[in-house]
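Shown next, in structure tokens, is the structure this report addresses.
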Amino acid sequence: MDPDPRRPPSRTFCNPSNRWSTRDEPKPVTWVSRDTRQQNNSQTACGSNLFTHFCKIILKCLLAGLSAKTEIMNLYHSLTIKGLRWVEVQRRLLKIKNVLDIKVLCKQLLAVHAHTVFAQCSILERGMAVSISIKYSSQMLTYAYVICPGLVELKADCNKGYVKVKQLGSNPTFVDSVEVGKGMEVKMEPGQQLHIVNQLYPYTVHFMEDLSGEPPPAKRPREPPSMEAADSKGASNVKVAKQANHTPSSGRESATSNNEKPGIWSNGLKATMQDPKMQVYKDDKVVVIKDKYPKARYHWLVLPWESIPNMKALRGEEHCDLLRHMQQVGQRMVAQCKDAPALRFRSGYHAIPSMSHIHLHVISQDFDSPALKNKKHWNSFTTDYFIDSQDVIQMLEKTGKVTVKEGTSELLKLPLRCHVCHKELATIPSLKEHLKTHISV
DNA sequence: GTTCTAGAAC
DNA sequence: GTTCTAGAAC
Ligand SMILES: Nc1ncnc2c1ncn2[C@@H]1O[C@H](COP(=O)(O)O)[C@@H](O)[C@H]1O
Ligand SMILES: [Zn+2]
């Protein structure tokens with residue numbers, strides 16, 4: 001009767017020909033509705049028809065030598081909710097050896113469709129607000145993707161109860177009015193609002209676990225946002241980029257091709273060292289912080305205020321003095337440590353550090369820490385990948401610069417070997433167990 | 001089935 | 001550097 005002209009027709013998310021025109025006519029996105037799907041595939045209550053169809057098509061295309069891959073792609077895009085990303089489908093297509101592989105692929109790809117009883121994605125339009133509901137059985141479905149080519153990819157994690165929203169192109173996607181950013185991904189939880197392209201049509205998401213049939217899995221409810229348990233005292237986690245007023249660069253937007261950007265992970269030390277709460281010692285030349293992921297009971301990092309990216313940048317007498325001072329400060333940290341008499345310490349540098357801003361590791365040799373998790377961690381502190389401060393200083397004194405031997409990175413792949421008795425251990429857990437035999441409480 | 005690693009993504 | 005997780009190894 002009165003078709004609201006402002007209310008655009010509904011569309012399915014995945015029709016590639018339905019690109020949104022950014023500016024002029026905003027369209028709300030319609031996730032597949034149960035009704036539509038039932039019309040399209042009359043028998044999909046168990047999904048078997050679609051499943052067989054997919055298997056046949058894929059088999060046909062593979063026999064045709066993958067030249068007919070576009071047919072698979074079209075098929076893929078005809079799915080509103082996908083069990084796999086396209087890249088993953090392609091990867092698996094290459095690995096298919098037999099019909100069973102095809103069935104496995106189709107089963108995953110169609111997980112949602114094959115079990116519509118358990119996984120449904122529907123929308124309820126209330127005025128302008130749209131709510132996205134994913135009804136699922138956690139036993140059947142972990143992830144569901146809804147992908148709009150070139151715009152946005154939504155990955156629903158049914159176990160964790162959130163949706164990861166990835167903005168694919170330049171057209172903006174917003175979560176709670178904050179633009180996600182091209183290529184970036186953010187979590188969206190129930191209660192948050194999603195806008196695609198423009199700010200006109202908010203979407204929210206709901207997860208509903210279908211418990212009919214099986215008992216509820218013992219899964220913890222939504223966790224409170226306290227990530228930091230344990231020892232950090234009164235730590236208010238500062239996530240947002242701070243507008244520190246001591247920033248010297250206020251007048252000028254420097255050419256930011258530089259690696260000084262605060263958001264980049266490799267600049268994490270620069271942020272930590274400036275945070276007074278993290279500093280355990282400072283003087284006019286250096287600052288000491290506790291390693292955020294300590295690989296032993298005691299693990300400090302000594303950093304100069306001067307921004308020296310790495311050892312390659314070291315030159316001359318001044319840097320020599322600086323390194324000597326850093327080592328001295330490191331020794332002072334050990335001296336004030338009450339457990340020092342019972343422990344051995346080393347101080348040195350990683351030959352190839354991952355983090356920017358040169359830093360001296362001062363670390364106890366118990367290596368008793370949950371943050372020590374893998375072979376790289378182990379070998380980076382127990383092979384020649386770890387260069388004693390003394391040796392670095394000597395090299396700088398003698399040659400005027402610091403270089404790293406070729407092949408050093410290979411050291412990280414060496415088998416795990418106890419640094420005390422040189423016994424070889426197969427796995428990290430067995431190594432940790434072994435280390436206990438060397439530790440006196 | 002579970003443990004553990006390793007590689008991708010961030 | 002860390003986190004996450006697929007799949008290798010057990
Ligand atoms: N944001 C951070 N704050 C403090 N320490 C960190 C941070 N990120 C990484 N680390 C530690 O810094 C060290 C850098 O190691 P590397 O670059 O190999 O010398 C590692 O021991 C990390 O545990
Ligand atoms: Zn040993």
Side-chain angles (χ1 to χ4, degrees), chain A residues 83-92 94-97 100-101 104-105 107-109 111 138-139 141-145 153 155-168 180-187 217 223 227-229 237 239 241 259-273 275 278 289-296 299-301 303 309-311 349-361 363 369-381 385-386 409-416 424-434:
Chain A
L84 296 167
R85 291 191 178 95
W86 175 241
V87 281
E88 180 66 10
V89 173
Q90 283 178 298
R91 200 173 68 81
R92 295 187 187 209
L94 292 175
K95 291 206 289 189
I96 284 176
K97 292 190 207 70
L100 186 65
D101 288 344
V104 169
L105 170 61
K107 197 175 145 205
Q108 278 199 274
L109 183 54
S138 56
Q139 315 231 319
L141 174 72
T142 307
Y143 300 117
Y145 297 91
E153 175 194 277
K155 177 182 177 182
D157 187 323
C158 298
N159 286 336
K160 294 182 179 159
Y162 57 71
V163 174
K164 280 194 173 174
V165 178
K166 185 171 187 182
Q167 179 181 324
L168 301 175
V180 177
K182 184 175 179 177
M184 309 289 276
E185 191 175 60
V186 301
K187 268 188 209 172
E223 72 278 318
M227 307 300 261
E228 311 271 348
N237 36 3
K239 248 312 178 42
N259 41 9
E260 300 273 322
K261 292 187 187 160
I264 309 292
W265 60 261
S266 55
N267 288 326
L269 296 182
K270 291 182 191 292
T272 306
M273 68 185 274
D275 185 345
M278 302 296 158
I289 57 175
K290 280 201 215 179
D291 193 291
K292 191 171 171 189
Y293 310 94
K295 306 302 186 290
H299 189 177
W300 295 284
L301 303 176
L303 305 101
N310 52 50
M311 292 195 293
Y349 300 83
H350 278 159
I352 307 165
S354 299
M355 303 298 282
S356 229
H357 202 113
I358 197 166
H359 49 278
L360 173 70
H361 290 268
I363 181 168
S369 165
L372 196 155
K373 292 178 174 169
N374 57 44
K375 185 178 263 190
K376 177 169 182 182
H377 290 154
W378 179 255
N379 284 334
S380 75
F381 286 101
Y385 196 91
F386 190 86
S409 59
E410 298 305 304
L411 297 173
L412 297 176
K413 296 176 191 153
L414 289 173
L416 301 171
E424 187 174 319
L425 284 305
T427 65
I428 289 284
S430 62
L431 171 64
K432 289 193 174 227
E433 204 55 39
H434 172 84

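All values below come from the heavy atoms of this structure, side chains included, with hydrogens, waters and symmetry mates left out. Here is the naming used below: chain letters follow the sequence lines, and residue numbers restart at 1 for every chain.
- You'll find the side chain of A/Ser356 stays beyond 4.5 Å of the side chain of A/Leu269, heavy atoms only.
- Contact of the A/Asn379 side chain with the A/Tyr385 side chain is not registered, since no non-hydrogen atoms from C-beta on lie closer than 4.5 Å.
- At the heavy-atom level, A/Pro429 lies under 4.0 Å from the strands shown only through sugar-phosphate atoms.
- With centres under 5.5 Å and a plane angle under 30° as the test, the ring of A/Tyr293 is not stacked against the base of C/dG1.
- Whole-Å rounding puts the A/Leu301 CG to C/dG1 C1' distance at 11 Å.
- OP1 or OP2 of C/dT2 has at least one side-chain nitrogen or oxygen of A/His377 nearer than 4.0 Å.
- Ring geometry for A/His361 against A/His299 counts as tilted: the plane angle lies between 30° and 60°, on a 0 to 90° scale.
- Within the nucleic acid shown, A/Ile428 comes within 4.0 Å of sugar-phosphate atoms alone, with no base atom in reach, counting heavy atoms only.
- Residue A/Lys373 has no polar side-chain atom (N or O) positioned under 4.0 Å from OP1 or OP2 of B/dA6.
- Put simply, CG on A/Asn379 is 14 Å from C1' on B/dT5, counting in whole angstrom units.
- Here the C1' atom of nucleotide C/dT2 and the CG atom of A/Asn267 are 15 Å apart, to the nearest Å.
- Note that the CD1 atom of A/Ile363 and the CG atom of A/Asp291 stand 7.5 Å from one another [nearest 0.5 Å].
- Contact check, A/Lys413 against B/dG7: no side-chain N or O comes under 4.0 Å of OP1 or OP2.
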